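Taking it in order: structure first as structure tokens, then the write-up.
Owing to the predicted nature of the structure, the values given are computational and were not obtained by experimental measurement. For this chain, numbers begin at 1 and follow the sequence in order.
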Amino acid sequence: QVQLVESGGGVVQPGDSLRLACAASGRSFSDYGMGWFRQAPGKDREFVAGINSNGIFTYYRHSVEGRFTISRDNAKNTLYLQMNSLKSEDTAVYYCAQSKNEWYARSDFGSWGQGIQVIVSS
């Protein structure tokens, strides 16, 4: 069983940056793919970014490509999401998730953090 705890959310203005972090414990972090999801009010949860177990391969949804960067530090059991040039449509609760294997297919995510709020507003 893995525990995932997100941090780094908050309220920012359009164009600002935020870095989310996800601390993992209870399971070998470096063996599993990781990802970030988000859910805005009234909308379905969407897959934002994924990274494989060794950090070499990544995926981004089109709307965040070029603005967001997913990374991981396997020595610190921590996943990151650097979010630059934030837009109002990035407002959502962001969730850290762990895959059941070393990759990041959406259907393979089985463990979730509690979520953290990101609000982008002027």
Side-chain angles (χ1 to χ4, degrees):
Q1 191 76 8
V2 64
Q3 291 78 45
L4 303 171
V5 180
E6 301 96 339
S7 63
V11 181
V12 297
Q13 295 187 339
D16 285 352
S17 297
L18 271 179
R19 188 174 82 154
L20 303 183
C22 172
S25 61
R27 193 175 177 189
S28 180
F29 180 75
S30 61
D31 288 342
Y32 298 95
M34 298 292 296
W36 289 98
F37 289 72
R38 69 185 181 187
Q39 187 165 20
K43 295 189 176 181
D44 292 335
R45 187 173 296 190
E46 58 185 27
F47 186 22
V48 177
I51 188 167
N52 78 316
S53 58
N54 62 17
I56 292 178
F57 298 99
T58 58
Y59 157 82
Y60 299 95
R61 69 179 298 108
H62 180 69
S63 61
V64 307
E65 206 159 15
R67 299 188 297 122
F68 289 12
T69 303
I70 188 171
S71 62
R72 64 190 297 161
D73 186 336
N74 285 346
K76 295 182 178 180
N77 291 347
T78 303
L79 176 73
Y80 302 99
L81 185 68
Q82 177 67 43
M83 306 186 292
N84 298 329
S85 302
L86 282 161
K87 304 176 180 180
S88 58
E89 51 262 44
D90 296 317
T91 294
V93 176
Y94 283 72
Y95 298 89
C96 169
Q98 186 176 71
S99 174
K100 298 174 185 177
N101 56 52
E102 62 184 358
W103 293 102
Y104 45 79
R106 181 179 180 144
S107 60
D108 286 340
F109 286 95
S111 299
W112 301 85
Q114 298 274 18
I116 193 162
Q117 181 75 59
V118 171
I119 297 174
V120 184
S121 175
S122 56

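Side-chain atoms of N84 and S17 form a donor-acceptor pair, as typed in the model, at a separation below 3.5 Å.
Between A92 and A40, the shortest heavy-atom contact is CB-N, 3.8 Å. Contact detail for C96 and L79: the closest heavy-atom pair is SG-CD2, 3.9 Å. Taking both residues in full, the closest heavy atoms of P14 and S122 are given as CD-N, 3.7 Å, listed atom of the first, atom of the second, then distance.
For Q98 (side chain) and G33 (main-chain N/O), no donor-acceptor pair under 3.5 Å exists by modelled atom type. Using modelled atom types, one side-chain atom of R67 and one backbone atom of S85 make a donor-acceptor pair closer than 3.5 Å. When atom types are taken as modelled, the side chain of T78 and the backbone of K76 share a donor-acceptor pair closer than 3.5 angstrom. When atom types are taken as modelled, the side chain of N74 and the backbone of S53 share a donor-acceptor pair closer than 3.5 angstrom. Within the 3.5 Å criterion, the main-chain N or O of F29 finds no donor-acceptor partner in the side chain of N77.
Atom CD of Q114 is surrounded by 12 or fewer heavy atoms from other residues, nucleotides or ligands within 6.0 Å.
Note on ring orientation: taking the six-membered ring where Trp is involved, the planes of W103 and F57 are tilted (angle from 30° to 60°).
A continuous path of ILVMFWY side-chain contacts below 4.5 Å connects V2 to L20, so both sit in one hydrophobic cluster. Connection of V12 to Y80 is not established within any shared hydrophobic cluster, with ILVMFWY side chains joined at heavy-atom distances below 4.5 Å, either directly or through further cluster members. If you chain together hydrophobic residues whose side chains sit under 4.5 Å apart, Y104 and V48 never meet in one group. Using a 4.5 Å cut-off between side-chain heavy atoms of Ile, Leu, Val, Met, Phe, Trp and Tyr, with links allowed through other members, M34 and L81 fall into the same hydrophobic cluster. Residues I116 and F109 do not share a hydrophobic cluster, clusters being chains of Ile/Leu/Val/Met/Phe/Trp/Tyr side chains in contact below 4.5 Å.
Under the ring pair (Phe, Tyr, Trp, His ring centres under 6.0 Å) criterion, Y59 pairs with F47, not counting sequence neighbours. Partners of T58 under the side-chain contact (heavy atoms from CB on, under 4.5 Å) rule, at least two apart in sequence or in another chain, are I51, Y60, I70.
Atom SG in C22 sits 10.0 Å away from atom CZ in R72 (nearest 0.5 Å). The CZ atom of R106 sits 9.0 Å away from atom CZ of R45, with the distance rounded to the nearest 0.5 Å.
Contact annotation: the side chain of V118 approaches that of M83 to within less than 4.5 Å [non-hydrogen atoms, C-beta and beyond].
Applying the salt bridge (charged side-chain N to carboxylate O under 4.0 Å, His left out) test to residues at least two apart or on different chains, none of the pairs has a partner in residues 6-24.
F68 has its ring centre no less than 6.0 Å from the ring centre of W36.
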Exercise for review: Verify side chain to side chain contact (heavy atoms under 4.5 Å, CB included) between V64 and R38, making sure each step is shown before the conclusion.
Suggested key: CA-CA 12 Å; V64 307; R38 69 185 181 187; 3.9 Å; yes

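The residue from K100, E102, R27 that alone fulfils the side-chain contact (heavy atoms from CB on, under 4.5 Å) condition with Y32 is R27.
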